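Remember, predicted model here, so these are calculated numbers, not experimental data. Atoms within a ligand are numbered from 1 in the order they appear, just like the ligands themselves.
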Amino acid sequence: MAAAVAAPLVLAGCSNSGSGEPELKVSGAFMPQPVSDMAAGFLTVENTGGAGDKLTSVTSELSDDVQIHETKDQKMRQVTSFDVPADGSLDLERGGNHIMFMALKERPKEGDTVSVELHFETSDPITVDVPVKAATYNPQH
Ligand code: CU
């Protein structure tokens with residue numbers, strides 16, 4: 001039974017019929033220009049739906065090993081998922097939770113754009129074009 005592994009995906013589309021579904025929107029994405037063969041990524045996932053979701057993984061052409069990290073006591077640690085609460089948001093920002101791109105295949109420069117795909121427990125994946133900013137870039141909230 002090795003054949004037919006890839007079942008066709010049924011796209012549910014954008015259903016606003018009920019309040020029991022997560023409705024996700026990504027904003028404020030950026031990547032500081034990497035200074036080593038690792039890079040970090042930051043963004044906000046807003047959930048205006050009536051159900052929570054989880055960010056479960058991230059993929060990118062830039063790296064075959066993209067992880068999600070939390071920062072506790074100034075140390076970062078890999079986690080398996082981040083909550084995106086109903087009527088709330090997941091904030092990935094400097095000094096806190098972030099996306100970590102290991103073993104970069106190339107080092108993007110300020111002004112470049114990196115395509116990143118976010119995978120969720122419930123929602124369809126979201127592709128984000130992440131702009132590369134100066135290495136010290138830190139937006140004010
Ligand atoms: Cu990290």
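Coordination check, Met76 versus the Cu ion (ligand 1): passed, since an N/O/S atom of the residue sits under 2.8 Å. Using a cut-off of 2.8 Å, one finds that Met100 contributes an N/O/S atom close to the Cu ion (ligand 1).
Residues satisfying the ring pair (Phe, Tyr, Trp, His ring centres under 6.0 Å) test with Phe42, not counting sequence neighbours, are Phe30.
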**OP:** Apply side chain to side chain donor-acceptor pair (under 3.5 Å) to Asp129 and Thr113, showing your working.
**Re:** CA-CA 6 Å; Asp129 289 326; Thr113 300; over 6 Å; no

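Considering just the N/O/S atoms of His98, the one nearest the Cu ion (ligand 1) carries the name NE2. Minimum-distance N/O/S atom of His69 relative to the Cu ion (ligand 1): ND1.
No donor-acceptor distance shorter than 3.5 angstrom exists from the side chain of Ser63 to the backbone of Phe101, with no hydrogens or angles considered.
Taking CG of Leu118 as the reference point, atom OG1 of Thr56 lies at 9.5 Å (rounded to 0.5 Å).
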